[in-house]
**Q** 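Once you've had a glance at the structure underneath, I'll fire off some questions.
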Amino acid sequence: EYPFHRRVSGFTSSLRTSSAETFIPTSVDLANGLHRPPRKPAILRKISAAQQLSASEVVTHLGQTVVLASGTLSVLLHCEAVGNPKPTISWAKNGEEVKYNDRLLLQPDDSLQILAPVEADVGFYACNASNALGSDSVSIAVTLAGKPLIKASRATVINTESPAVTVDIGSMVKTIQKANVTINCQVAGVPEAKVTWFKNKVKLSSTHHLHDGLLLIANVSLSDQGLYSCKAANLHGEVTESSQLLVLEPPRPLPYLDDLTTMLTSAGPSTHSVLTSPSGTKLTVSPGSSALIGCAVDGHPTPNITWLYSGEPLSLRHQLLAAGRILQILNVSDFTGGEFSCLAQNEAGSLTQIMSLAIQEYRWSVDKLTACSASCGHRGVQLPQLRCLLDGAEVNESYCRETPKPSLQPIACNRRDCPSRWMVTSWSLCTRSCGGGLQTRRVTCQRLTATGSSVPMSNEACAQVSKRPVDTQNCNRQPCVEWVASSWGQCNGPCIGPRLAVQHRQVFCQTKDGTSVSSDQCSSLPRPLSTQNCWTDVCGVHWRVSLWTVCTATCGNYGFQSRRVDCVHIRTNKPVMEHHCSWRPRPANWQRCNIAPCENGTLLSGGEAERCRSRKEGRVIS
């Protein structure tokens with residue numbers, strides 16, 4: 001390390017010290033000549049006497065401040081660097097690459113020449129030397145005699161790992177907590193400018209780490225966030241540049257989520273809730289239910305949350321609540337179960353929390369059997385009893401309707417010889433249908449074996465087990481009864497048609513010996529009618545017609561004939577009022593006849609002949 005002159009804002013300012021020029025190499029050994037080993041680039045800093053403001057041509061090396069005067073015609077900025085392999089030189093102004101033109105020229109020795117400098121050329125010029133092993137950069141200020149100039153950057157610096165970070169004033173700084181942040185405020189000006197630091201427009205006290213245009217913010221915390229400003233002032237004026245400091249906090253898990261608790265209280269009883277966690281949580285639900293999955297994370301700035309299902313972005317029906325921190329699944333059956341995860345990201349990092357969803361399945365169970373159908377013999381079977389289960393609990397079978405039923409096979413049971421027992425046949429028909437009869441059946445003692453055969457046994461073997469059943473019994477002991485009817489009564493009613501009058505008789509139930517009994521005892525027998533339609537002699541009428549009269553014409557269209565129609569009594573053959581026959585259709589009393597064309601020579605009736613003559617003469621006969 002070689003001693004420098006007093007540093008001002010990151011570059012050497014020795015404007016009026018010595019006229020001698022001295023090269024000061026930094027971490028470079030020139031004695032090695034061409035045979036030096038590979039080394040990263042190093043730019044030679046050169047300290048020289050101050051330039052005269054009236055000089056028309058200014059030649060300077062890095063580490064100087066060039067003050068432009070009204071008569072300055074050219075400024076030549078030298079940049080010499082060493083390194084192996086040979087470094088590549090490039091120039092930048094105020095952090096941006098210099099665009100060469102007819103006034104800004106890159107000389108063969110990598111010097112930068114500014115012809116006819118103007119106020120727009122004022123700024124910080126940086127020479128950058130780089131090779132495969134690294135890079136080096138040194139700045140030089142070109143300014144006017146007047147208010148100061150601050151080297152500012154418009155970069156955004158994000159630090160998520162390093163314990164220390166250094167930036168130029170003007171940069172946006174985003175860094176993790178507990179890092180050391182250094183803000184560099186390089187100032188050029190004649191006369192020399194005084195530097196003052198502010199935070200959120202409040203002047204910083206001497207307790208802060210302030211030194212030669214550098215501000216050190218040690219062990220950064222959230223309280224250090226704010227706008228830091230560097231003000232450079234001299235007799236000619238002042239200039240200010242600022243940097244925004246944002247403290248980053250990577251996403252971290254929280255043990256609770258208030259929004260989830262609030263929403264769960266308003267949800268239905270079938271809604272389940274769970275929080276994701278870095279190590280993973282598990283939720284087991286029944287089909288068709290809904291779920292709220294919370295992503296409880298914190299960070300600065302507030303993390304953005306992305307929900308994933310089985311590692312892929314969600315594409316099925318879902319709804320995001322509470323700014324994306326809660327995933328609402330309306331029907332878990334839309335999924336087949338699996339892993340849900342929330343990815344929380346901000347500029348400081350990311351955090352993935354996991355939740356595994358397990359959907360209970362409705363399934364058939366055959367763990368129970370019905371009772372055996374027989375206590376002995378060869379036909380005893382048990383059938384497996386199907387039950388629909390959910391998580392071990394029996395539910396309605398309708399929930400398992402979409403699940404195939406397992407095949408059920410009967411299971412033999414109680415296949416053994418039966419004890420001796422009485423066997424009976426069916427009762428025979430009763431000997432009488434009423435009045436008391438007898439019926440019989442056959443009673444034997446037998447034993448049914450496990451193979452299904454029946455072995456006859458002595459009556460004594462069965463008598464030891466049970467009493468012998470009877471083989472004879474009475475039957476049809478009810479009395480013999482029949483329906484009896486009286487004679488028909490008088491036919492009554494209006495004469496409006498055949499058999500539309502009504503007559504009645506009495507019908508009652510009695511025994512064979514003539515004793516009347518309740519009608520219920522005859523209910524099994526067909527009951528005779530007690531009412532029927534009839535007609536009286538007064539209603540015996542009909543229509544009587546006479547013969548048709550002779551047709552009024554033998555041909556043509558106007559012949560007709562008639563007859564007499566009367567309503568007469570059938571027995572007396574005397575006419576009666578026609579309304580007595582109205583229940584029968586009345587026959588027609590006239591009709592057309594002899595409807596045929598008339599031929600020449602055909603004799604017509606007088607009326608027909610007159611009509612024919614009138615047609616020939618053109619006369620009209622009504």
Side-chain angles (χ1 to χ4, degrees), residues 7-13 62-68 77 90-99 104 112 119-128 135-144 146-160 162 164-176 179-190 192-204 208-218 220 224-234 236-248 301 347-348:
R7 295 190 43 95
V8 177
S9 305
F11 62 90
T12 302
S13 177
L62 298 178
Q64 301 299 313
T65 297
V66 176
V67 181
L68 300 178
L77 306 179
S90 63
W91 287 89
K93 176 190 174 186
N94 295 334
E96 296 184 0
E97 183 180 358
V98 172
K99 296 180 180 179
L104 295 177
L112 177 65
E119 184 176 354
D121 296 323
V122 171
F124 283 88
Y125 290 82
C127 175
N128 301 310
S135 63
D136 192 13
S137 179
V138 178
S139 297
I140 184 170
V142 176
T143 183
L144 295 172
K147 66 180 182 180
L149 178 68
I150 296 178
K151 180 186 178 184
S153 171
R154 296 294 178 259
T156 297
V157 179
I158 300 177
N159 173 42
T160 59
S162 177
V165 59
T166 300
V167 299
D168 288 329
I169 192 70
S171 302
M172 167 74 75
V173 187
K174 299 180 180 180
T175 183
I176 56 176
N180 295 329
V181 176
T182 300
I183 302 177
N184 186 10
C185 183
Q186 296 185 12
V187 178
V190 177
E192 181 180 344
K194 178 183 178 183
V195 175
T196 306
W197 285 94
F198 298 85
K199 177 186 178 184
N200 298 330
K201 298 183 180 181
V202 178
K203 183 178 179 181
L204 292 176
H208 290 79
H209 300 278
L210 307 174
H211 177 67
D212 290 343
L214 298 177
L215 172 64
L216 173 62
I217 307 172
V220 167
D224 292 319
Q225 287 191 133
L227 183 69
Y228 290 85
S229 303
C230 169
K231 183 177 77 172
N234 62 13
H236 300 287
E238 64 183 38
V239 63
T240 301
E241 290 287 346
S242 301
S243 286
Q244 184 76 39
L245 175 63
L246 296 177
V247 178
L248 303 178
E347 293 170 299

**Q** If I take atom NZ from residue K199 and atom CG from residue L245, how far apart are they, to the nearest 0.5 angstrom?
**A**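 Those atoms lie 8.0 Å apart.
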**Q** Taking all non-hydrogen atoms of both residues into account, name the closest pair between V247 and Q225 and its distance.
**A**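 Nearest pair, atom of V247 first, then Q225: N-OE1, 2.9 Å.
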**Q** Which distance, rounded to the nearest 0.5 Å, do you find between the OG of S153 and the CD1 of I183?
**A**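 It is 11.5 Å, given to the nearest 0.5 Å.
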**Q** Would you check if K201 and S229 make a side-chain contact, meaning some heavy-atom pair closer than 4.5 Å?
**A**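 The answer is no; the side chains never approach within 4.5 Å.
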**Q** To the nearest 0.5 angstrom, please state how far the CG atom of L246 sits from the CD atom of E347.
**A**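 The distance works out to 7.5 Å.
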**Q** I need the S139 OG to K151 NZ distance, nearest 0.5 Å.
**A**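 S139 OG to K151 NZ: 3.0 Å, rounded to 0.5 Å.
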**Q** Going through the distances and angles, do I217 and Y228 end up as a side chain to side chain contact (heavy atoms under 4.5 Å, CB included)?
**A** CA-CA 10 Å; I217 307 172; Y228 290 85; 3.5 Å; yes
**Q** Indicate yes or no: at least one non-hydrogen side-chain atom of S90 is less than 4.5 angstrom from one of N128.
**A**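 Yes, at least one pair of side-chain atoms sits under 4.5 Å.
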**Q** Can a donor-acceptor pair be found, under 3.5 Å and without considering hydrogens, that links the side chain of T156 to the backbone of M172?
**A**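 Not confirmed, T156 side chain does not pair with M172 backbone.
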**Q** Report, as yes or no, whether the 6.0 Å neighbourhood of atom CD on E96 holds more than 12 heavy atoms from other residues, nucleotides or ligands.
**A**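 Result for CD/E96: open.
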**Q** Show the nearest heavy-atom pair for residues Y125 and K93, with the distance to one decimal.
**A**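 So the two residues come closest at OH-CD, 3.7 Å.
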**Q** In the structure I gave you, are the side-chain heavy atoms of P301 and L248 within less than 4.5 Å of one another anywhere?
**A**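 Answer yes - side chains close enough.
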**Q** Can you name the nearest heavy-atom pair linking I169 to W197, along with the distance?
**A**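 Looking at all heavy atoms of both residues, the shortest contact is CD1-CZ3, 3.9 Å.
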**Q** Could you give me the CA-CA distance, side-chain angles and deciding distance for V181 and D224, then say whether side chain to side chain contact (heavy atoms under 4.5 Å, CB included) is met?
**A** CA-CA 10 Å; V181 176; D224 292 319; over 6 Å; no
**Q** Indicate the atoms forming the closest heavy-atom contact of G237 with P148, along with that distance.
**A**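 In this case the closest contact between G237 and P148 is O-CD, 3.4 Å.
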**Q** Using atom types as modelled and distance alone, determine if a side-chain donor or acceptor of N200 lies under 3.5 Å from a backbone N or O of L227.
**A**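 Pair found, side chain donor or acceptor close to backbone of L227.
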**Q** What's the spacing between C127 SG and D136 CG if we round to 0.5 Å?
**A**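 Separation between the atoms: 8.5 Å.
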**Q** Please report the closest heavy-atom contact between V66 and L77, naming both atoms and the distance.
**A**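 For V66 and L77, the tightest heavy-atom pair comes out as CG2-CD2, 4.3 Å.
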**Q** With sequence neighbours left out, write down each residue that passes side-chain hydrogen bond (donor to acceptor under 3.5 Å, both in side chains) with N159, or none if nothing qualifies.
**A**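 T175.
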**Q** When rounded to the nearest 0.5 angstrom, what distance separates OG1 in T143 from CD1 in I150?
**A**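 Rounded to the nearest 0.5 Å, the OG1-CD1 separation comes to 11.0 Å.
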**Q** Considering all heavy atoms of both residues, which atom of K231 and which atom of T240 are nearest to each other, and what is their separation?
**A**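 Smallest interatomic distance, heavy atoms only, reads CG-OG1, 3.5 Å.
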**Q** Taking side chain as C-beta onward, heavy atoms only, is L216 less than 4.5 Å from L214?
**A**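 Counting from C-beta outward, L216 and L214 never come under 4.5 Å.
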